[in-house]
Amino acid sequence: MYRQYVGESDLPQIMALVQNELSEPYVIYTFRYFLHQWSAYPSDPMSSDPIGVIVCKQSMHKDLTNRGYIAMLSVDKGWRKRGIASALVRNSIEAMKSDGVEEIVLETEFDNYAALSLYESLGFIREKRLFRFYLNGKDAFRLILAVPPSDTDESDSTSSPSSSGRTRYRHRSYRAIRVSPYSDEEDEDDVSSR
């Protein structure tokens with residue numbers, strides 16, 4: 001059973017789930033910022049306690065791109081390997097697509113191979129490596145999913161007016177940046193583009 005966040009009464013359970021499963025500490029205000037915009041989570045059918053959560057938002061980025069952002073994804077360890085995380089991400093992508101999203105971004109720890117595998121299997125690509133991105137000093141990868149225009153959009157145009165009267169710009173293609181492995185050791189023969 002999946003359900004939307006309904007209010008402050010859901011907050012303690014969601015915070016506990018995220019804080020138990022993710023390495024980055026978040027304060028209550030971070031949760032409120034994202035949860036009041038958009039979140040969904042599956043619950044245990046026996047108790048209705050949350051067993052996973054995805055926290056997302058969608059907004060105009062630099063007044064040019066309708067961008068979705070996946071801020072948090074967490075599934076209780078006892079409920080993993082059942083497709084819950086995949087379903088949460090897929091459902092969120094579809095919901096964002098119905099709202100006209102053009103790209104979806106997220107960050108994940110560079111050594112979180114399970115998360116990287118999940119997102120890459122859904123079409124996300126590594127855009128760049130963010131050095132010492134997290135408070136624990138770990139690097140992150142920013143991943144991005146370019147969402148092609150739907151069949152109802154004009155594929156030839158680069159801009160179209162939205163229902164609000166604002167012009168929405170659509171990028172025709174997205175070029176990923178090649179990510180090189182990071183090392184603190186410098187090699188005299190190796191020129192780095194860091």
Side-chain angles (χ1 to χ4, degrees), residues 1-6 10-11 13-24 26 30-31 33-61 65-128 140-153 155 162 168 170-174 176 179:
M1 174 175 100
Y2 293 86
R3 73 179 185 86
Q4 293 291 120
Y5 172 79
V6 293
D10 287 341
L11 197 53
Q13 292 175 312
I14 292 172
M15 286 179 64
L17 179 64
V18 169
Q19 290 170 341
N20 287 338
E21 304 299 332
L22 299 182
S23 63
E24 186 76 355
Y26 295 102
T30 303
F31 285 96
Y33 171 76
F34 284 107
L35 290 172
H36 287 288
Q37 292 189 44
W38 188 21
S39 71
Y41 60 87
S43 57
D44 182 343
M46 301 304 228
S47 67
S48 76
D49 290 340
I51 56 173
V53 64
I54 188 164
V55 179
C56 312
K57 75 178 195 113
Q58 186 172 345
S59 61
M60 289 303 291
H61 177 68
T65 307
N66 186 343
R67 176 183 274 184
Y69 180 68
I70 298 176
M72 299 174 211
L73 173 66
S74 180
V75 176
D76 183 273
K77 284 183 180 150
W79 288 89
R80 290 186 184 165
K81 300 292 182 191
R82 299 180 193 196
I84 294 169
S86 296
L88 285 168
V89 175
R90 280 190 183 100
N91 290 343
S92 296
I93 290 170
E94 289 307 312
M96 287 188 241
K97 280 182 178 179
S98 70
D99 286 337
V101 75
E102 297 170 67
E103 65 184 18
I104 302 169
V105 298
L106 62 96
E107 294 88 21
T108 190
E109 290 181 352
F110 79 103
D111 60 354
N112 187 341
Y113 302 112
L116 290 167
S117 176
L118 165 69
Y119 292 121
E120 288 171 353
S121 75
L122 295 172
F124 285 82
I125 58 172
R126 298 177 194 190
E127 180 187 32
K128 65 178 160 180
F141 281 120
R142 174 167 296 135
L143 286 86
I144 187 163
L145 176 68
V147 179
S150 67
D151 293 337
T152 59
D153 290 343
S155 58
S162 68
R168 209 177 70 201
R170 184 169 299 281
H171 301 286
R172 291 187 182 168
S173 64
Y174 187 83
V179 178

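A quick note: this is a predicted structure, and the numbers were derived from the prediction, not measured. All residue numbers in this chain count up from 1 along the given sequence.
- Screening Gln58, Glu103, Glu102 against Arg67 for a side chain to side chain donor-acceptor pair (under 3.5 Å) leaves a single residue, Glu103.
- For the pair Phe110 and Leu116, the tightest heavy-atom approach, listed with the atom from each and the gap, is O-CD1, 3.4 Å.
- Closest approach of Ala85 to Leu73, counting heavy atoms only: CB-CD2, 4.1 Å.
- Leu143 contributes atom CG, which lies 9.0 Å from atom CD of Glu127 (distance to the nearest 0.5 angstrom).
- Summarising the geometry, atom CD belonging to Glu107 is positioned 10.5 Å from atom CD1 belonging to Ile70; distances are rounded to the nearest 0.5 Å.
- To the nearest 0.5 Å, atom CG of residue Leu118 and atom OG of residue Ser86 are 4.5 Å apart.
- Taking CG from Asp111 and CZ from Phe141, the interatomic distance works out to 9.5 Å, rounded to the nearest 0.5 Å.
- Annotation for Gly52 and Leu88: closest pair C-CD1, 4.2 Å, computed over non-hydrogen atoms.
- Considering only heavy atoms from C-beta on, Ile125 comes within 4.5 Å of Ile144 through its side chain.
- Across every non-hydrogen atom of Ile54 and Cys56, the tightest pair is CG1-SG, 3.6 Å.
- Here the straight-line distance linking atom CD1 of Ile84 with atom CH2 of Trp79 works out to 6.5 Å at 0.5 Å rounding.
- The nearest pair of heavy atoms linking Phe124 to Leu106 is CE2-CD2, 3.6 Å.
- Remark: of the listed residues Asn66, Val147, Val101, Val101 is the sole one forming a side chain to side chain contact (heavy atoms under 4.5 Å, CB included) with Met96.
- Annotation: the span from Ile93 atom CD1 to Ile104 atom CD1 amounts to 5.0 Å, rounded to 0.5 Å.
- Between the side chain of Ser117 and the main chain of Ala114, no donor-acceptor pair closer than 3.5 Å is present.
- Nearest heavy atoms, Lys57 versus Ser59: NZ-OG, 3.5 Å.
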